[in-house]
Amino acid sequence: MTATSPTPETSATPPAPAPASAAALHAPVIEWFDTHARDLPWRRPEAGAWGVMVSEFMLQQTPVSRVLPVYEAWLARWPRPADLAKEPPGEAVRAWGRLGYPRRALRLHGAAQAITERYGGDVPSEHAQLISLPGIGEYTAAAVASFAYGQRHAVLDTNVRRVFARAVTGVQFPPNATTAAERKLARSLLPPDEPTAARWAAASMELGALVCTAKGEECVRCPIADRCAWRLAGKPAHDGPARRGQTYAGTDRQVRGKLLAVLREALTPVPQEALDAVWDEPVQRARALDGLVADGLVEPMENGVYRLPLS
DNA sequence: TACTCGTGGAG
DNA sequence: TCTCCAAGAGT
């Protein structure tokens with residue numbers, strides 16, 4: 001059922017009047033998704049809302065391939081929010097392993113506690129309730145509501161932003177930070193009905209992840225290449241401000257990572273000397289450790305001994 | 001708004 | 001080797 005009629009009927013008021021080209025994008029992208037979507041564990045029905053939510057936390061700034069094994073172990077150990085909530089936060093940090101950005105583990109633990117206390121242990125379905133949880137922002141709230149509950153939301157992640165930038169706006173890359181114009185565009189492109197909107201969200205994201213990537217687009221595999229604004233314009237090069245690279249070597253982040261790695265792998269509290277061994281510059285080392293303590297990722301004990309947080 | 005916050009695989 | 005970057009959130 002290819003929707004070739006770009007103009008809406010003269011009936012009542014649809015949720016959002018889409019641009020003439022909007023409806024023409026839905027069918028090909030969703031049909032492509034039907035045959036090319038990856039079989040990911042959090043997309044299976046048995047994952048449930050908790051599985052979807054855990055996956056979204058882990059996938060923030062982290063590739064699928066690295067998330068997969070940690071996700072499986074996490075869900076096996078904590079199949080429900082209440083199972084995680086009753087554990088010390090340090091156990092979440094430890095199980096997080098080397099996924100990176102360990103504050104996400106702390107926030108996921110805090111979200112599980114809030115879900116257990118405020119929502120009887122069930123992941124809430126309302127966007128406003130989701131976004132009130134620690135670690136859940138605009139994107140993740142929309143993603144959980146859409147993927148787990150089939151609701152109609154603009155799910156605007158980096159993949160979708162790139163697809164829209166190219167296919168609709170006609171530029172190679174989206175702006176550095178999400179703009180109001182992008183949100184408005186995403187809303188205007190949403191299919192009117194709920195199930196199609198949810199499908200569209202997953203499909204447009206998958207297209208950006210597999211075909212229309214940051215490294216290089218593969219237009220020969222793209223279901224909407226024939227109507228892509230950027231491609232039709234001759235693929236003009238990105239002109240805006242250079243997207244600043246993320247230097248890492250020598251930063252506090254690197255030191256924090258080394259310190260926390262020691263604590264993750266230790267079965268007993270760690271003496272100061274063991275932490276001092278990971279970085280030779282004392283001022284930066286102390287600043288990094290203070291930061292970890294301030295974030296609640298590390299708990300100082302007496303006599304300069306440290307451990308992952310018990311509370 | 002711009003910056004911080006980990007990690008490791010790919011080209 | 002070095003650069004880029006992978007489903008963001010919080011401040």
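Note that the coordinates shown come from a computational prediction; the quantities given were computed from them, not determined experimentally. Protein chains get the first letters and strands the later ones, always in sequence-line order, with residue 1 at the start of each.
- Atom CG of A:Leu59 is separated from atom P of C:dC5 by 19 Å (rounded to the nearest Å).
- What separates CD of A:Glu138 from P of C:dT11 is a distance of 16 Å, to the nearest Å.
- At whole-Å resolution of the value, CG in A:Leu40 and P in C:dA6 are 16 Å apart.
- Distance, A:Met205 CE to C:dA6 P: 14 Å, rounded to whole Å.
- Using cut-offs of 30° and 60° for the angle between ring planes, the A:Trp42 and A:Tyr71 rings count as perpendicular.
- Counting non-hydrogen atoms of neighbouring residues, nucleotides and ligands closer than 6.0 angstrom, the CZ atom of A:Arg227 exceeds 12 such neighbours.
- Following rounding to the nearest Å, A:Leu108 (CG) and C:dG8 (C1') show an atom-to-atom distance of 14 Å.
- Within the nucleic acid shown, A:Trp96 has no heavy atom closer than 4.0 Å to any nucleic acid atom.
- In this structure, A:Leu210 atom CG and C:dA6 atom C1' are separated by 13 Å, rounded to whole Å.
- Using a 4.0 Å heavy-atom distance criterion, A:Ala214 is classed as a sugar-phosphate-only contact.
- Look at the P atom in both C:dT11 and B:dG6: the space between them is 14 Å, to the nearest Å.
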Exercise. Sugar-phosphate means primed atoms, P, OP1 and OP2; the rest is base. With that split, encode nucleotides 3-11 of chain B 5' to 3' as B, S or - using protein heavy atoms under 4.0 Å.
Key: BBBBBS---
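- Of the C1' atoms belonging to C:dA7 and B:dA2, the separation is 22 Å, rounded to the nearest Å.
- Residue A:Leu156 is out of contact with every strand shown, counting any heavy-atom pair closer than 4.0 Å.
- Summarising the geometry, the separation between CH2 on A:Trp200 and C1' on C:dA7 is reported as 16 Å, rounded to the nearest angstrom.
- A:Tyr139 and A:Gln60 share no side-chain donor-acceptor pair at under 3.5 Å.
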